[in-house]
Asks: 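Structure in structure tokens, see below.
Because the structure is a prediction, the values reported are computed rather than measured.
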Amino acid sequence: MPRPDAATARKVASWSPWCSRASAAAAIAPSANLDLDLEVLAPGGTVAAYGTEGDGEVLLPTRLLMGRNLRYQFVLALTLPPEEKDAAVADVAAAVSDGALGVGEEAGLPLHRYPLDRTGDAHDAVEGGVTGKVLIDLR
């Protein structure tokens, strides 16, 4: 996974028009995204981690997080109440509709498609740390 740079941090911070830093960030790879999260989060901000990489262990700079009053919240969508899942889907749909969430090579989130009979290969790609979205075509 590529390391975040200053330009990425500025872009993320620009999404928060009321301040120079964001109040929340989402991370599927909290260890790999740690530097970017620390760069863009305002004091009191939250990282919602909904996945891990490697062995699933995350090493956090506790003193720094405490000093800025930052919080990590680990989320397993399968355990959320239905109304929270519905709200999350609506929020993501609105972000996509507004053009805030890009996909594809140009957005740095390439799509990797696999036919249904290659589901095992798709799983291997995810476990191997492929960058982007892995999709299984059901037809």
Side-chain angles (χ1 to χ4, degrees):
M1 175 173 285
R3 299 300 298 167
D5 57 22
T8 302
R10 283 191 300 276
K11 181 177 180 181
V12 172
S14 74
W15 298 336
S16 180
W18 57 89
C19 65
S20 63
R21 291 191 165 168
S23 60
I28 193 165
S31 294
N33 291 311
L34 177 65
D35 293 340
L36 177 60
D37 293 339
L38 293 175
E39 179 70 26
V40 302
L41 279 175
T46 300
V47 174
Y50 59 95
T52 62
E53 65 274 57
D55 61 7
E57 298 211 5
V58 179
L59 181 61
L60 299 173
T62 309
R63 187 176 305 239
L64 177 63
L65 295 172
M66 287 174 55
R68 291 186 46 207
N69 204 21
L70 298 178
R71 175 172 84 107
Y72 273 72
Q73 176 176 337
F74 295 88
V75 179
L76 180 59
L78 296 173
T79 63
L80 293 174
E83 59 275 3
E84 289 183 27
K85 287 181 194 174
D86 292 345
V89 169
D91 288 346
V92 170
V96 169
S97 177
D98 291 344
L101 298 176
V103 296
E105 292 290 338
E106 65 281 353
L109 196 62
L111 301 176
H112 306 277
R113 294 184 174 273
Y114 293 85
L116 184 59
D117 63 345
R118 290 188 51 216
T119 299
D121 293 337
H123 183 73
D124 290 344
V126 171
E127 286 200 340
V130 67
T131 298
K133 293 293 181 184
V134 175
L135 306 171
I136 298 172
D137 291 321
L138 299 179
R139 295 182 194 169

Asks: Hydrophobic side-chain clustering at under 4.5 Å (ILVMFWY, transitive links): who's grouped with Leu78? Put none if nobody.
Replies: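 Besides Leu78, the cluster holds Leu76.
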
Asks: Does any pair with a residue in residues 82-102 pass side chain to side chain donor-acceptor pair (under 3.5 Å), and if so which ones, sequence neighbours excluded?
Replies: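 Checked against side chain to side chain donor-acceptor pair (under 3.5 Å) - neighbours excluded - no pair reaches residues 82-102.
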
Asks: Could you list who else is in Leu138's hydrophobic cluster, with ILVMFWY side chains joined at under 4.5 Å, directly or through other members?
Replies: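 Same cluster as Leu138: Leu116, Ile136.
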
Asks: Would you list the pairs meeting salt bridge (Lys or Arg N to Asp or Glu O under 4.0 Å) in which at least one residue belongs to residues 124-137, sequence neighbours left out?
Replies: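 Matches after skipping sequence neighbours: Arg113-Asp137.
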
Asks: Decide side chain to side chain contact (heavy atoms under 4.5 Å, CB included) for Leu70 and Leu38; before the verdict, give the C-alpha distance in whole Å, the side-chain angles of both, and the deciding distance to 0.1 Å.
Replies: CA-CA 9 Å; Leu70 298 178; Leu38 293 175; 3.7 Å; yes

Asks: Taking all non-hydrogen atoms of both residues, which atom of Leu41 and which atom of Thr46 are closest, and how far apart?
Replies: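 Scanning both residues, the minimum pair turns out to be CD2-O, 3.9 Å.
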
Asks: Ala88: what forms a side-chain contact (heavy atoms from CB on, under 4.5 Å) with it, not counting sequence neighbours?
Replies: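 side-chain contact (heavy atoms from CB on, under 4.5 Å) check on Ala88 returns nothing, list empty.
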
Asks: Kindly work out whether a path of hydrophobic side-chain contacts (I/L/V/M/F/W/Y, heavy atoms less than 4.5 Å apart) joins Leu64 to Leu34.
Replies: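 Yes, Leu64 and Leu34 fall within the same hydrophobic cluster.
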
Asks: According to side-chain contact (heavy atoms from CB on, under 4.5 Å), who are the partners of Pro110, at least two apart in sequence or on a separate chain?
Replies: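 Pro110 satisfies side-chain contact (heavy atoms from CB on, under 4.5 Å) with Glu105, His112, Thr131 only.
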
Asks: Please name all residues satisfying side-chain contact (heavy atoms from CB on, under 4.5 Å) with Ala125, sequence neighbours left out, ordered by chain then number.
Replies: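 So Ala125 forms a side-chain contact (heavy atoms from CB on, under 4.5 Å) with Tyr114, Val130, Val134.
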
Asks: Are Leu65 and Phe74 connected into the same hydrophobic cluster when the rule is that any two of I, L, V, M, F, W, Y join if their side-chain heavy atoms are below 4.5 Å apart?
Replies: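 Yes, it is one cluster - the side chains of Phe74 and Leu65 are joined through contacts under 4.5 Å.
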
Asks: Could you tell me which residues satisfy salt bridge (charged side-chain N to carboxylate O under 4.0 Å, His left out) with Arg71, sequence neighbours excluded, listed by chain and number?
Replies: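 With sequence neighbours excluded, Arg71 shows a salt bridge (charged side-chain N to carboxylate O under 4.0 Å, His left out) to no residue whatsoever.
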
